[in-house]
Protein chains: 2
Amino acid sequence: MTAPTDHKLIYYIKKWVKNISEDDEKLILSAFEPITVKKKKDLLEPDETCKYIYFVIKGCLRSYYVDAKGIEHIYQIRLDNSWISDLESFFSQRPSKYYLETLEDSQLLRVSYERLEQLYDEVPKLERYFRILFQKAYINALERLNATMWESAVDRYNDMLKEHGDIFQRVPLVYIASYLGITPESLSRIRKKH
Amino acid sequence: MTAPTDHKLIYYIKKWVKNISEDDEKLILSAFEPITVKKKKDLLEPDETCKYIYFVIKGCLRSYYVDAKGIEHIYQIRLDNSWISDLESFFSQRPSKYYLETLEDSQLLRVSYERLEQLYDEVPKLERYFRILFQKAYINALERLNATMWESAVDRYNDMLKEHGDIFQRVPLVYIASYLGITPESLSRIRKKH
DNA sequence: TCGCACACTTGACCTATGTTAAGAAATGAA
DNA sequence: TTCATTTCTTAACATAGGTCAAGTGTGCGA
């Protein structure tokens, strides 16, 4: 492990919260457990309670659920330097409806529900970081909702290409289609008309 | 004003954060300014920076934007005991794209950006409350996104009737249609087939 | 290096919802 | 009470995107 201040997680926290002390950094890092997960492994399955929230050091994950007809619906795709979990299950500590799966071999940091709750008391600055993180996540989710309601599939595809072009390099189009809220066939037709 | 502990705002904060001291309560209440706003008044217009976040004591508000064709798209409708703002503009302190409008005569509490930032330092428990609030808002937004992508308009209408039936008593159907992501004509057809 | 999943494309047809336009019903100000 | 405005409904027609079914590649494990 690199020196705390050079650590990726700390770097991203400091982007949003200033004046984190050395002690805080150490405390934070000690609470997170690094894990390595092979491609196509489930970190969470329906009916399990989501025990961890994950920071992606390197890799790629998706979260999705399977509807009554057996169709997968993807609601998150995450690459390096982002957070993933099923927050609904994590924060309520009740069974999840979702799968959480690696799409590539991934290096992750995870923190358990109990440890994070403690950590909020020990390092209030971390709670600030999460307040800001959820705030931004909420704003993004509303933007995505807006686009899904009121923009055409073509526009949503172009927006995604522009803002998350890297995902197209690493994730099969079937998953991207589902994330965009359309069928793979529709995505294929959109791409044909460049 | 009633005694702090009886105050609606404090009541809702205590629902999620325990052990708020009397002093904290007083500090919180002193930071929020009560205002009364007549029906059909704008609290925010596009290109203004959103200065406040509002707690609705009593009343009804919507937030919406107007697209290039001049069509209004509603993304939030809020009744008593909930929060409303344009968080994107509020937290970045940059110009908004949205309108924020009262749909009924309303009693609100508002806190400014600067005061809230101070208050987070003075009352860390309040920052915890907002962390939890945004967390829940984010989870809700994802649920709504999911429904918009993968459920029919009929199902979304029924879900809304079940979970926010009170809105139908107080808000014109045009607004509800927009909130559901459909046209008023479609909503009318859905309602005809009860 | 073979073969078989998996990923992606294509085409014919279908359906939910949008669009346009008109009118009916409800509300509220004079 | 009346008229104007806002809200809601209805109908005919249009269309984006879904569904079903049949392909064509293509990469990886044996």
Side-chain angles (χ1 to χ4, degrees), chain A residues 38-41 60 62 64 66-74 77 99 101-105 144-161 167-194, chain B residues 38-42 60 62 64 66-74 77 99 101-105 144-161 165 167-194:
Chain A
K38 287 263 168 236
K39 187 174 173 169
K40 289 271 166 194
K41 295 284 174 219
C60 180
R62 65 169 177 148
Y64 66 99
V66 178
D67 72 15
K69 291 178 195 153
I71 296 166
E72 293 181 358
H73 300 287
I74 295 180
I77 296 177
Y99 287 90
E101 186 199 40
T102 51
L103 296 178
E104 297 175 358
D105 294 354
R144 206 174 140 204
L145 178 69
N146 227 36
T148 303
M149 279 186 174
W150 305 113
E151 283 174 28
S152 69
V154 179
D155 289 348
R156 272 178 284 144
Y157 169 76
N158 286 325
D159 289 352
M160 185 161 174
L161 250 189
I167 292 182
F168 288 80
Q169 260 47 64
R170 294 166 66 174
V171 175
L173 292 175
V174 224
Y175 297 159
I176 293 173
S178 178
Y179 181 85
L180 286 171
I182 58 178
T183 59
E185 293 93 332
S186 282
L187 182 55
S188 189
R189 276 181 278 241
I190 287 169
R191 287 163 60 82
K192 196 166 57 160
K193 309 177 215 149
H194 18 26
Chain B
K38 285 263 168 236
K39 187 176 176 167
K40 289 271 166 194
K41 295 285 174 217
D42 288 326
C60 179
R62 64 169 178 149
Y64 66 100
V66 178
D67 72 15
K69 291 180 196 151
I71 296 166
E72 292 181 359
H73 301 286
I74 294 179
I77 297 176
Y99 287 89
E101 187 199 42
T102 50
L103 297 179
E104 297 176 356
D105 295 354
R144 207 175 139 203
L145 178 69
N146 226 35
T148 304
M149 279 186 174
W150 306 114
E151 283 173 29
S152 69
V154 180
D155 289 349
R156 272 177 284 144
Y157 170 77
N158 286 326
D159 288 353
M160 184 160 175
L161 250 189
I167 292 183
F168 287 80
Q169 260 47 64
R170 294 165 68 174
V171 175
L173 292 175
V174 223
Y175 297 158
I176 292 173
S178 177
Y179 181 85
L180 286 171
I182 58 178
T183 58
E185 293 90 337
S186 283
L187 182 55
S188 190
R189 276 183 286 241
I190 288 168
R191 287 163 59 83
K192 195 167 58 162
K193 309 177 218 149
H194 24 23

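Here is the naming used below: chain letters follow the sequence lines, and residue numbers restart at 1 for every chain.
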**Message:** To the nearest 0.5 Å, what is the distance between CZ on Arg156(A) and CG on Leu187(A)?
**Reply:**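 The CZ atom of Arg156(A) sits 11.0 Å away from the CG atom of Leu187(A).
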**Message:** Distance check, rounded to the nearest 0.5 Å: Phe168(B) atom CZ versus Arg191(B) atom CZ?
**Reply:**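 The CZ atom of Arg191(B) is 7.0 Å from CZ of Phe168(B), to the nearest 0.5 Å.
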**Five-pair end axes of the helix from dT1(C)-dA30(D) to dA30(C)-dT1(D) and the angle they enclose, rounded to 10°** =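 Helix axis angle between the two ends: 50°.
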Within the sub-3.5 Å range, which N or O atoms of nucleotides 23-30 of chain D have a protein N or O partner, and how far apart are they?
none

**Request:** Taking salt bridge (charged side-chain N to carboxylate O under 4.0 Å, His left out) as the test, write out the residues that go with Glu151(B), two or more places apart.
**Result:**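 Glu151(B) satisfies salt bridge (charged side-chain N to carboxylate O under 4.0 Å, His left out) with no residue once adjacent residues are dropped.
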Using the test side chain to side chain donor-acceptor pair (under 3.5 Å), find all partners of [X] that sit at least two apart in sequence or belong to another chain.
{"X": "Arg62(A)", "answer": "Glu72(A), Glu101(A)"}
{"X": "Asp67(A)", "answer": "His73(A)"}
{"X": "Tyr175(B)", "answer": "Lys40(B)"}

Applying side chain to side chain contact (heavy atoms under 4.5 Å, CB included), name anything that partners [X], two or more places apart in sequence or on another chain.
{"X": "Met149(B)", "answer": "Arg144(A), Thr148(A), Leu145(B)"}
{"X": "Ser152(B)", "answer": "Val154(B), Asp155(B)"}
{"X": "Ser186(A)", "answer": "Ile182(A), Thr183(A), Arg189(A)"}
{"X": "Asp105(B)", "answer": "Lys38(B), Lys39(B)"}

**Item:** Nucleic acid footprint by protein, nucleotides 13-30 of chain C - heavy-atom cut-off 4.0 Å, B for base, S for sugar-phosphate alone
**Value:** ----SBBBB---------
Between [atom2] on [N] and [atom1] on [X], what's the gap in Å once rounded to a whole number?
{"X": "Gln169(A)", "N": "dA7(C)", "atom1": "CD", "atom2": "P", "answer": "17 Å"}
{"X": "Lys40(A)", "N": "dA5(C)", "atom1": "NZ", "atom2": "P", "answer": "16 Å"}
{"X": "Ile176(A)", "N": "dA7(C)", "atom1": "CD1", "atom2": "P", "answer": "12 Å"}
{"X": "Phe168(A)", "N": "dC8(C)", "atom1": "CZ", "atom2": "C1'", "answer": "14 Å"}
{"X": "Lys193(A)", "N": "dA16(D)", "atom1": "NZ", "atom2": "C1'", "answer": "9 Å"}

**Request:** With sequence neighbours excluded, tell me which residues meet ring pair (Phe, Tyr, Trp, His ring centres under 6.0 Å) with Tyr99(A).
**Result:**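 For Tyr99(A), the residues satisfying ring pair (Phe, Tyr, Trp, His ring centres under 6.0 Å) (neighbours in sequence not counted) are Tyr64(A).
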